[in-house]
> 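Structure below; questions to follow.
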Amino acid sequence: MISVCIATYNGEKFIKEQIESVLLQLRSNDEIIISDDNSLDHTLKIIKEFKDDRIKIFKGNGKGLISNFENALTKASGDYIFLCDQDDIWVNNKIELCVADFQEGYDLVLSDCLIFDSDTKETIYNSFFKFNNSKKGIINNLINNSYIGCCMAFKKELKNKILPFPKHIPMHDSWIGINAELYFSVNYNKNKLINYRKHSKNASHTSSGISKYSFLKKVSFRIITVYYLFVRFLI
């Protein structure tokens, strides 16, 4: 069973196209888990118009993106969990290729992606992996994070290791990726399996290569991450 987790907030502009691209790949017993963080626009109205029983909507707690994704993950019941942003488009064989990796023995799959402008008409970067110089390795990813959530899928067994998300971590996707590298088997799938929209309201700055944080703030985030990894290791 597949669970696709989407954290939504004021996503009316792109959410319909994203959900359409996901539903085309799901079987009757799969699910889309949507945690909506009190959207003020027509996001929920658009989602409900699908009238598809595979879409399950839950209310977020209003505490932001990381908490919203955590809420979605706690509701997911699938064997394979896919993280999904509200504003991208999935390539039509994304699930098929990721499941093939799982069947090869991998526990987490990070796939490459194409980065487009907001209308998906102009290609900005033809490979996130190349643009970001993505590499495996815990140290590599503490220095330069390769784990962008919308490109990640993992087996349900990871949930016990990553949840609950620690307070003050910089982003949930890097936390999931580094834990997977520590305790599980990770594959960097070079197929470009989503069309990532780059626009002014992207929650992640990984795809832009430009961080809004100061050098000291970035150092503190890495220290916090290492601290929580050590704490979880002792549990």
> Who passes ring-ring contact (aromatic ring centres under 6.0 Å, His included) against F82, sequence neighbours left out?
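Counting only residues at least two positions away or on another chain, F82 forms a ring-ring contact (aromatic ring centres under 6.0 Å, His included) with W90.
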
> Hey, is the main chain of D87 close enough, under 3.5 Å, to the side chain of D85 for a donor-acceptor pair?
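Checked: no pair found.
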
> Within the 3.5 Å criterion, strictly below it, is a donor on N141 or K136 matched to an acceptor on the partner's side chain?
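Short answer, no.
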
> Under 6.0 Å from the CG atom of N29, do we count more than 12 heavy atoms belonging to anything else shown?
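Check passes, neighbour count above 12.
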
> Is it true that N191 and N189 share a donor-acceptor pair across their side chains at a distance under 3.5 Å?
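Side chains of N189 and N191: pair found under 3.5 Å.
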
> Are any of the side-chain heavy atoms of I66 and W175 separated by less than 4.5 Å?
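No, their side chains stay 4.5 Å or more apart.
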
> Does F129 have any ring-ring contact (aromatic ring centres under 6.0 Å, His included) partners at least two apart in sequence or in another chain, and if so, which?
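By the ring-ring contact (aromatic ring centres under 6.0 Å, His included) rule, F129 matches Y188.
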
> Does NZ in K190 sit with more than 12 non-hydrogen atoms of other residues, nucleotides or ligands closer than 6.0 Å?
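12 or below, so no.
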
> Can a side-chain donor-acceptor contact be found between E70 and S67 if the only test is distance below 3.5 angstrom?
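Result is no, nothing qualifies.
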
> Does the side chain of N145 come under 3.5 Å of the side chain of S174 through a donor N or O and an acceptor N or O?
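Result is no, nothing qualifies.
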
> Is the NZ atom of K159 crowded by more than 12 outside heavy atoms at less than 6.0 Å?
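Yes.
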
> Should R197 and E17 count as an ion pair when the cut-off is N to O under 4.0 Å?
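Salt bridge flag = yes for E17 with R197.
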
> Under 3.5 Å, is there a donor-acceptor pair between the N126 and T123 side chains?
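Side chains of N126 and T123: no pair found under 3.5 Å.
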
> For the OH atom on Y106, are there more than 12 heavy atoms of other groups (residues, nucleotides or ligands in this structure) within a distance under 6.0 Å?
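No - once you tally the heavy atoms of other residues, nucleotides and ligands closer than 6.0 Å, there are 12 at most.
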
> Please determine which of K13, K16, E12 meets the side chain to side chain donor-acceptor pair (under 3.5 Å) test together with H42.
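Exactly one pass, corresponding to E12.
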
> Would R54 and I32 count as a side chain to side chain contact (heavy atoms under 4.5 Å, CB included) if you check the C-alpha gap in whole Å, the side-chain angles of each, and the deciding distance to 0.1 Å?
CA-CA 6 Å; R54 294 172 294 180; I32 296 178; 5.7 Å; no

> Tell me if the CD atom of E49 is crowded by more than 12 foreign heavy atoms within 6.0 Å.
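Enclosed: over 12 neighbouring heavy atoms sit under 6.0 Å from CD of E49.
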
> Any side-chain heavy-atom pair from S3 and K156 closer than 4.5 angstrom?
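The answer is no, as the side chains (C-beta and beyond) never meet within the 4.5 Å cut-off.
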
